[in-house]
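Presented below is the structure to which this report refers.
Order of listing sets the numbers, starting from 1, for every ligand and every atom in it. The figures that follow rest on heavy atoms only: side chains count, while hydrogens, waters and symmetry mates do not.
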Amino acid sequence: MRFDIISVLPELLESPLNHSIMKRAKDKGLLEVLVHQLRDYATGKHRQVDDYQFGGGAGMVMKPEPLAACIRKLQAERQYDEVIYTSPDGVRLDQALCNRLSLKENLLVICGHYKGVDERIREEFVTLEISIGDYVLSGGELAAAVMVDSIGRLIPGVLNDETSALFDSFQDDLLAPPVYTRPAEWEGRVVPEVLLSGNDKLIDEWLHEQSLERTKARRPDLWDKFVHSH
Ligand code: SAH
């Protein structure tokens with residue numbers, strides 16, 4: 001799977017995508033992430049990528065021409081399954097959307113900055129607008145990093161234990177159960193006995209029960225969804 005990301009601050013994407021699982025995915029050749037500096041597509045002495053907002057108002061807007069030039073160049077090289085704009089007014093990224101996007105081959109992601117991109121770029125090129133939550137970031141890079149990580153780890157072969165993503169939170173509209181490691185007793189707190197029993201059936205039942213309890217207590221919205229779909 002390949003991500004092409006358009007950004008005015010590629011540095012912001014370097015660290016999050018070059019360690020741990022993301023690094024392994026790249027090393028295994030399962031994930032490719034290319035970041036394109038938008039300024040390289042701007043013309044004029046100052047290679048300006050933003051300009052004043054028509055109608056007044058504070059804050060700059062990303063100009064259409066450099067974005068269009070960059071998107072068109074990339075589109076001439078490959079067919080994108082989606083052209084994504086990171087934006088607070090997009091659809092909320094959730095596990096279901098991550099699952100769906102993890103099946104794609106080529107995704108193009110546009111990171112906004114300042115007040116965002118000129119609306120006409122969205123009309124002309126964008127096929128999917130994604131928000132990572134109801135808060136405002138300074139730029140789309142962190143949102144893009146969240147997307148690459150959450151989607152990338154779902155590509156078959158990326159996680160060592162292939163089944164492990166299935167037991168993460170949200171995969172079944174449930175939160176994950178609590179987890180424990182050694183020592184079995186730490187500062188007077190003991191690990192639930194069932195986990196030490198070696199009885200797989202009992203353990204599975206207990207874990208499932210914990211998932212249900214946790215979801216009911218912490219996320220009534222998810223719980224409703226789970227109850228209605230099971
Ligand atoms: N004026 C815009 C916010 C601009 S923030 C508004 O109020 O909606 C600058 C850029 O950061 C945006 O263009 C977008 O690319 C990115 N961004 C900010 N918050 C985001 C979020 N919650 N999800 C995804 N991208 C976000």
Nearest heavy-atom contact between Ile121 and Pro64 is CD1-O, 3.4 Å
In this structure, atom 13 (O) of ligand 1 is nearest to the protein heavy atom Tyr85 OH, 2.8 Å
When distances are taken from atom 5 (S) of ligand 1, the protein heavy atom at minimum range is Leu137 O, 3.2 Å
protein heavy-atom neighbour closest to atom 22 (N) of ligand 1 works out as Tyr135 O, 2.8 Å
protein heavy-atom neighbour closest to atom 23 (N) of ligand 1 works out as Ile132 N, 3.1 Å
Check whether Tyr80 reaches the backbone of Asp4 with its side chain - one donor and one acceptor, N or O, closer than 3.5 Å.
no
Ala143 heavy atoms within 4.0 Å reach ligand 1 at atoms 24 (C), 25 (N)
Quick check: does any side chain N or O of Lys63 sit under 3.5 Å from a backbone N or O of Ala42, one acting as donor and the other as acceptor? no
* Exceeds 12 heavy-atom contacts within 6.0 angstrom, atom CZ of Arg78 -> yes
A student checking ligand 1 against Gly139 at a 4.0 Å heavy-atom cut-off should list atoms 10 (C), 11 (O), 16 (C)
Residues pairing under side-chain hydrogen bond (donor to acceptor under 3.5 Å, both in side chains) where one sits in residues 6-16, two or more places apart or in two chains, turn out to be Ser7-Glu141
From the list Asp200, Val194, Leu195, side chain to side chain contact (heavy atoms under 4.5 Å, CB included) partner of Ser197 resolves to Val194
Of Val109, Ile84, Thr86, the residue with the heavy atom nearest atom 15 (O) of ligand 1 is Thr86
Backbone or side-chain N or O of Val117 under 3.5 Å from ligand 1 N or O
no
Does some non-hydrogen atom of the protein lie less than 4.0 angstrom from atom 7 (O) of ligand 1?
no
Here the ring-ring contact (aromatic ring centres under 6.0 Å, His included) pairs for residues 186-230, sequence neighbours left out, are Trp223-Phe226, Phe226-His230
N or O contact, Ile110 vs ligand 1, cut-off under 3.5 Å:
no
The answer for which part of Ser131 has a heavy atom under 4.0 Å from ligand 1 is both
For Gly140, the atoms of ligand 1 under 4.0 Å from one of its heavy atoms are 11 (O), 15 (O), 16 (C)
min-distance protein heavy atom vs atom 3 (C) of ligand 1 -> Val136 CG1, 3.9 Å
If you compare His113, Lys115, Met147 by their heavy atoms, the one closest to atom 2 (C) of ligand 1 turns out to be Lys115
Under a heavy-atom criterion of less than 4.0 Å, does Gly90 contact ligand 1? no
Just checking Gln79: does its CD atom have more than 12 heavy atoms from other residues, nucleotides or ligands closer to it than 6.0 angstrom? no
- Task: Decide, yes or no, whether a salt bridge links Asp94 with Arg92 under the criterion of side-chain N to carboxylate O below 4.0 Å.
- Result: no
Under 4.0 Å from one or more heavy atoms of Tyr114, ligand 1 contributes atoms 4 (C), 5 (S), 9 (C)
Logged contact type for Ile130 with ligand 1, heavy-atom cut-off 4.0 Å, is backbone
Quick note on ligand 1: atoms under 4.0 Å from a heavy atom of Gly116 include exactly 13 (O)
Any side-chain donor near an acceptor of the partner, Gln95 and Asp173, under 3.5 Å = no
Only one of Ile84, Asp81, Leu128, Ile71 passes side chain to side chain contact (heavy atoms under 4.5 Å, CB included) with Leu108, and that residue is Ile71
